[in-house]
**Student:** 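First, the structure itself, so that you have it in front of you.
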Amino acid sequence: MNTKKILFITHRYPKGKNTILEKDTARALFNIGYKVVVLAPTERRNLEATHKYNDDGVEVLYLKTGNSFNETSKLEKILTVLTRPYLIERAIKEYYPNEKFDLIFGYTPFMANYKLFSKLKKRYNAKTILFLWDIFPQNAKDLGMFKNEILFKFLKFREKMMYKVFDKIICNCQGQINYILENKYKTKEKLILIRNSEFFKENELINKEELKKEIGYKKDDIISIFGGNMGEPQELENIINMIIALKEYSNLKFIFLGNGTQIKKLKSMKEENKIKNLEILDFVERERYEKILRMCDIGLISLNKNYTVTNFPAKVTGYIKEGIPIFASLDSCSIKYLGEFIRENKIGQVAKAGNVEDMKENFLKLIENINQYEKKHFKNIYFENFDVNELANKIKKGVDGDNV
């Protein structure tokens, strides 16, 4: 029997021990018998040429592209987005001229260009699978990024074509499934519900109090962390406003760890309001992040209050994997799905984004019951919903095991 081959097109794939959802997904598919080729960009700022890399059996092609993340000019971002599909197609022809791919994976919003995937699908007679992370362009319109209605309608047309070219859509919550069905983009049998999944690693037991002291905190400090992108989608100023409202609680400490377009604004808010119990740190490697995370007592999630489409951030997986209760500041749409998931599974508290009183009240509820959250419960929730091995098997059964 021939080994089936996957072309896995994603916007990021870290080298070494650093791991993320996409990397764990590719690895899990490799582990159950697929040959996996990953194509990921290496941005111009990295000063790397296009090159291949063997990640313990998973072959990765790093394709040199323009810059598109963090503090990149709008013009360069647009140019990178426009040229990237052409560069990807050319690279596949050049580096894999005789390869035959059976399954081709893409991700929203960065790696789902319908023209590119239509060409690849036809060339290889392959099945195409989309991981739906963001619902674009509606999410961008919610944030005020599109004032021009003609441009928005054009992008909606491209969205419709994107759903058409992919054979199966992997959704991470019921809200995404409802959105696709309501817009009649796909029928129910073409949709698969799979949460954002990672490998579970049993960490050695630690003394959290000693770790707090080592990093510079007091043993009775209650530390909350937000790790990841700090941009308009996260609207972290809502969390800062809550921190200001909680100023009388001296043992509450907060960490923002990451990067993004709003980091300067957030640092200015911290300085202007003389907030001493908030640290804003630059992005660190995954291992260092996980060490800091294990010291923390609460994982923060923050979504822009103006969203009208649901979001289920990947950091939910990380917090549950580490057994850390969640405090989520959510828009009204995400409250119905992510909020309900948090409440039903008793893994944290939820509040309305932008409503400082509601945020304060629910955060204090979480603090009051902080000792009731058990690691064993979170581990059970993880294996029921976020096990990447189960994800791979679901893909094999739901995508590769039927006539798409």
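Sequence positions, counted from 1, serve as the residue numbers for this chain.
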**Student:** Quick one: does Phe199's side chain get under 4.5 Å of Asn389's, heavy atoms only?
**Tutor:** yes
**Student:** Kindly say whether Ile275 contributes a backbone atom to a donor-acceptor pair with the side chain of Lys270 at under 3.5 angstrom?
**Tutor:** yes
**Student:** Using 0.5 Å steps for rounding, measure from the CG atom of Asp297 to the CG atom of Leu366.
**Tutor:** 9.5 Å
**Student:** Would you call Ser268 and Glu272 a side-chain contact if the rule is heavy atoms closer than 4.5 Å?
**Tutor:** yes
**Student:** Taking Tyr107 as the fixed residue, which of Phe166, Phe117, Trp133 is the one that meets the ring pair (Phe, Tyr, Trp, His ring centres under 6.0 Å) rule?
**Tutor:** Trp133
**Student:** Please determine whether side chain to side chain contact (heavy atoms under 4.5 Å, CB included) holds for the pair Arg343 and Ile335, giving the CA-CA distance in whole Å, both sets of side-chain angles, and the decisive distance to 0.1 Å.
**Tutor:** CA-CA 10 Å; Arg343 288 167 176 157; Ile335 281 177; 4.0 Å; yes
**Student:** So, Asn304 side chain and Glu232 main chain: donor-acceptor pair closer than 3.5 Å or not?
**Tutor:** yes
**Student:** Testing Lys121, Lys190, Lys127 for side chain to side chain donor-acceptor pair (under 3.5 Å) with Asp167, which one passes?
**Tutor:** Lys121
**Student:** Looking at Lys5, I want to see if its NZ is surrounded by more than 12 non-hydrogen atoms of other residues, nucleotides or ligands under 6.0 Å.
**Tutor:** yes
**Student:** Indicate whether the side chain of Asn178 and that of Gln174 have a donor and an acceptor atom separated by less than 3.5 Å.
**Tutor:** yes
**Student:** Does CD in Glu149 sit with more than 12 non-hydrogen atoms of other residues, nucleotides or ligands closer than 6.0 Å?
**Tutor:** yes
**Student:** Would a distance-only check, ignoring hydrogens and angles, find a side-chain to backbone donor-acceptor pair under 3.5 Å from His377 to Ile347?
**Tutor:** no
**Student:** Do Arg195 and Val316 have side-chain heavy atoms sitting under 4.5 Å apart?
**Tutor:** no
**Student:** Please round to the nearest 0.5 Å and tell me the distance separating atom CD1 of Ile169 and atom CG of Leu130.
**Tutor:** 4.5 Å
**Student:** Using a strict cut-off of less than 4.0 Å between a Lys/Arg side-chain nitrogen and an Asp/Glu carboxylate oxygen, indicate whether Glu209 and Lys213 qualify as a salt bridge.
**Tutor:** no
**Student:** Are any of the side-chain nitrogens in Arg45 or Glu43 under 4.0 Å away from the carboxylate oxygens of its partner?
**Tutor:** yes
**Student:** Just by distance, do the side chain of Gln234 and the backbone of Gly231 share a donor-acceptor pair under 3.5 Å?
**Tutor:** yes
**Student:** To the nearest 0.5 Å, tell me how far Lys186 NZ sits from Leu132 CG.
**Tutor:** 12.0 Å
**Student:** Over 60° means perpendicular and under 30° means parallel, so tell me whether Phe327 and Phe363 are parallel, tilted or perpendicular.
**Tutor:** perpendicular
**Student:** For the atom pair CZ (Phe254) and CG (Asp221), what is the distance rounded to the nearest 0.5 Å?
**Tutor:** 11.0 Å
**Student:** Might you work through the side chain to side chain contact (heavy atoms under 4.5 Å, CB included) test for Leu61 and Tyr96, ending with a clear yes or no?
**Tutor:** CA-CA 10 Å; Leu61 176 65; Tyr96 303 100; 3.9 Å; yes
**Student:** If you define the side chain from C-beta out and look only at heavy atoms, does anything of Asn139 sit under 4.5 Å from Pro233?
**Tutor:** no
**Student:** Partners of Glu237 by salt bridge (Lys or Arg N to Asp or Glu O under 4.0 Å), sequence neighbours excluded?
**Tutor:** Lys265
**Student:** When rounded to the nearest 0.5 angstrom, what distance separates OG1 in Thr187 from CD1 in Ile180?
**Tutor:** 10.5 Å
**Student:** Could you check Ile129 against Ile395 for side chain to side chain contact (heavy atoms under 4.5 Å, CB included), going step by step and ending with a plain yes or no?
**Tutor:** CA-CA 9 Å; Ile129 303 96; Ile395 288 174; 5.8 Å; no
**Student:** For the OH atom on Tyr53, are there more than 12 heavy atoms of other groups (residues, nucleotides or ligands in this structure) within a distance under 6.0 Å?
**Tutor:** yes
**Student:** Should the pair Lys336 and Tyr179 be classed as cation-pi, given the thresholds of under 6.0 Å to the six-membered ring centre and 45° from the axis?
**Tutor:** no
**Student:** Quiz question: by atom type and distance under 3.5 Å, do the side chains of Thr317 and Asn196 form a donor-acceptor pair?
**Tutor:** no
**Student:** Taking everything shown except Lys52 itself, do over 12 heavy atoms lie less than 6.0 Å from its NZ?
**Tutor:** yes
**Student:** For residues Asn311 and Asp134, determine if any side-chain heavy atom of one lies less than 4.5 Å from a side-chain heavy atom of the other.
**Tutor:** yes
**Student:** Does Lys352 come within less than 4.0 Å of Asp358, counting only side-chain N to carboxylate O?
**Tutor:** no
**Student:** Please determine, by modelled atom types, if Tyr13 and Asp55 share a side-chain donor-acceptor pair under 3.5 angstrom.
**Tutor:** yes
**Student:** Do Lys168 and Ile192 have side chains that get closer than 4.5 Å, going by heavy atoms?
**Tutor:** yes
**Student:** Indicate yes or no for a side-chain donor-acceptor contact from Asn369 to the backbone of Gln372 under 3.5 Å, with no hydrogens or angles considered.
**Tutor:** no
**Student:** Looking at Val356, is its backbone amide N or carbonyl O close enough to the side chain of Asn241 to form a donor-acceptor pair, meaning the two atoms are under 3.5 Å apart?
**Tutor:** no
**Student:** For residues Pro41 and Leu87, determine if any side-chain heavy atom of one lies less than 4.5 Å from a side-chain heavy atom of the other.
**Tutor:** no
**Student:** Please tell me whether Glu159 and Tyr185 have a donor and an acceptor in their side chains that are separated by less than 3.5 angstrom.
**Tutor:** yes
**Student:** Walk me through it: do Lys188 and Leu181 pass the test side chain to side chain contact (heavy atoms under 4.5 Å, CB included)?
**Tutor:** CA-CA 7 Å; Lys188 190 174 182 179; Leu181 293 176; 4.3 Å; yes
**Student:** Considering residues, nucleotides and ligands other than Lys100, do more than 12 of their heavy atoms fall under 6.0 Å from its NZ?
**Tutor:** yes
**Student:** Should the heavy atoms of other residues, nucleotides or ligands under 6.0 Å from NZ of Lys375 be counted, would the total exceed 12?
**Tutor:** yes
**Student:** Establish, for the pair Lys253 and Tyr217, whether the NZ or CZ atom is under 6.0 angstrom from the six-membered ring centre and no further than 45 degrees off its axis.
**Tutor:** no
**Student:** Do Phe131 and Thr25 have side chains that get closer than 4.5 Å, going by heavy atoms?
**Tutor:** yes
**Student:** Can any side-chain N or O of Gln176 pair as donor or acceptor with the backbone N or O of Asn172 at less than 3.5 Å?
**Tutor:** yes
**Student:** Quick one: pull up CD in Gln349 and CD in Glu361 and give me the separation to the nearest 0.5 Å.
**Tutor:** 9.0 Å
